[in-house]
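Here's the structure, in structure tokens; my notes come after.
Order of the sequence lines fixes the chain letters, A, B, ..., with proteins taken first and strands second; residue numbering starts at 1 for each chain.
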2 protein chains.
Amino acid sequence: MNCPQLKLENQLCFPLYAASKEITRRYAPYLEPLDLTYTQYIVMLVLWEEKKCNVSELGKKLFLDSGTLTPLLKKLEAKGYIQRTREQSDERCLSVSLTAEGESLKRKAASVPKSMASCVNLSEPEAKTLYTLLYKVLDGLEVP
Amino acid sequence: MNCPQLKLENQLCFPLYAASKEITRRYAPYLEPLDLTYTQYIVMLVLWEEKKCNVSELGKKLFLDSGTLTPLLKKLEAKGYIQRTREQSDERCLSVSLTAEGESLKRKAASVPKSMASCVNLSEPEAKTLYTLLYKVLDGLEVP
DNA sequence: CTGTATTTGATTGTATACAATTCAATTTTA
DNA sequence: TAAAATTGAATTGTATACAATCAAATACAG
């Protein structure tokens, strides 16, 4: 049974999956001094921008659900980077905000993106094209 | 502290990470009738092509290590799709091969790629460009 | 030939991921 | 306004991922 569409090299999903994993793995050495994993890092990226965010908002932005975020946020709290407090107006909502330590971590993180960019062997226009196409895929998936 | 390079929207890694996860998630409904997860599916893709493969070869092709593959291959064996046998010439090597059932599963899988392609909202040239750029990233990472 | 080095999978430990379910708080509705 | 529906996190269960380590088999140097 000859099936070219089932060849690994003919899949678009596979380089996407592999590149994502490999890139994430390359982040580890740069994030270790910050005591962050990659997923914890992108949560901190949101908080450095927003200051305050509840779990569902984080989930929407990062494409993560509460089953991933709840334990992860507890770890960030244990590290002293964030606070978790129930919102007064709606006790169902858990508000996540930075501690002073979490805020000051931003300074140490400032060099991470440049370090990582140097790992990725793309020209500026190529990176831009890739970025655009990936968001097109993501947006196209939004409504199933 | 204003830090544009730390904005989520300025990261290339993030849409890569998110798109990969979302695409993988979209595979589930199509793979469920085959009783395969996404990772199990890409292992089967290799085996449908190669017939026979040892663990380290699978790992190289799929960017996975033995910590992921060993339990996964045991599950595929438990489902009856593959056989795991030590190679006679080198007892360290575990040879993975298809059973008749695993081979015949290929027929049921033949329609999966087309179904998935319809989920991805890219034109043919866009998909090709994305593919090329992703492999360029992967190849650029090969040697750290 | 033998002791050391290397190779190969397996194991262990930590950290995601996500579906499905639960539970409590809030909102809607009959 | 009391019951129903909805919402938002947390929990449970299953499946990856990968670093680090281990043990067995093999290769290889002297």
[X] [atom1] - [N] [atom2] separation (whole Å):
X       : N      : atom1 : atom2 : result
A/Gln40 : C/dA17 : CD    : P     : 10 Å
A/Leu58 : C/dA17 : CG    : P     : 14 Å
B/Asp65 : D/dT21 : CG    : P     : 14 Å
B/Lys79 : D/dT14 : NZ    : C1'   : 11 Å
B/Leu36 : D/dT14 : CG    : C1'   : 15 Å
B/Tyr27 : D/dT16 : OH    : P     : 16 Å
A/Leu72 : D/dT11 : CG    : C1'   : 16 Å
A/Glu32 : D/dA19 : CD    : P     : 12 Å

Please confirm whether the shortest side-chain N or O distance from [X] to OP1 or OP2 of [N] is below 4.0 Å.
X       : N      : result
B/Thr70 : C/dT11 : no
A/Lys74 : D/dA10 : no
B/Thr37 : D/dT14 : no
A/Asn54 : D/dG8  : no
B/Thr39 : D/dT16 : yes
B/Tyr17 : C/dA17 : yes

Contact class for [X] vs. all strands (heavy atom < 4.0 Å): base, sugar-phosphate, or nothing?
X       : value
A/Leu69 : nothing
B/Thr68 : base
B/Ser66 : base

Which class fits the ring pair B/Tyr38 and A/Tyr17: parallel under 30°, tilted 30 to 60°, perpendicular over 60°? perpendicular
Show the numbers, then the answer: is there a side-chain contact (heavy atoms from CB on, under 4.5 Å) between B/Tyr27 and A/Cys13? CA-CA 10 Å; B/Tyr27 266 94; A/Cys13 65; 3.1 Å; yes
Quick check for you: to the nearest 0.5 Å, what is the distance between A/Thr37 atom OG1 and A/Ile42 atom CD1? 8.5 Å
Apply the test side-chain contact (heavy atoms from CB on, under 4.5 Å) to residues B/Tyr131 and A/Leu16: give CA-CA distance (whole Å), side-chain angles for both, the deciding distance (0.1 Å), then the verdict. CA-CA 8 Å; B/Tyr131 178 95; A/Leu16 185 60; over 6 Å; no
By nearest-nucleotide position on DNA chain C, the 5'-leaning member of A/Tyr38 and B/Arg25 is A/Tyr38
Contacts of A/Leu73 and A/Glu22 projected onto DNA chain D by closest heavy atom; the upstream (5') one is A/Leu73
Within the 3.5 Å criterion, strictly below it, is a donor on B/Thr129 or B/Glu126 matched to an acceptor on the partner's side chain? no
Any residue in residues 81-93 of chain B with a heavy atom nearer than 4.0 angstrom to DNA chain D? Just list them by number, or reply none. B/Ser89, B/Asp90, B/Glu91, B/Arg92
pair A/Tyr81-A/Leu98: side-chain heavy atoms closer than 4.5 Å: no
Compare all side-chain heavy atoms of A/Asn10 with those of A/Pro4 and state whether any distance is below 4.5 angstrom. yes
Please list all pairs meeting ring-ring contact (aromatic ring centres under 6.0 Å, His included) that have one or both residues in residues 91-115 of chain A, counting only residues at least two apart or in different chains. none
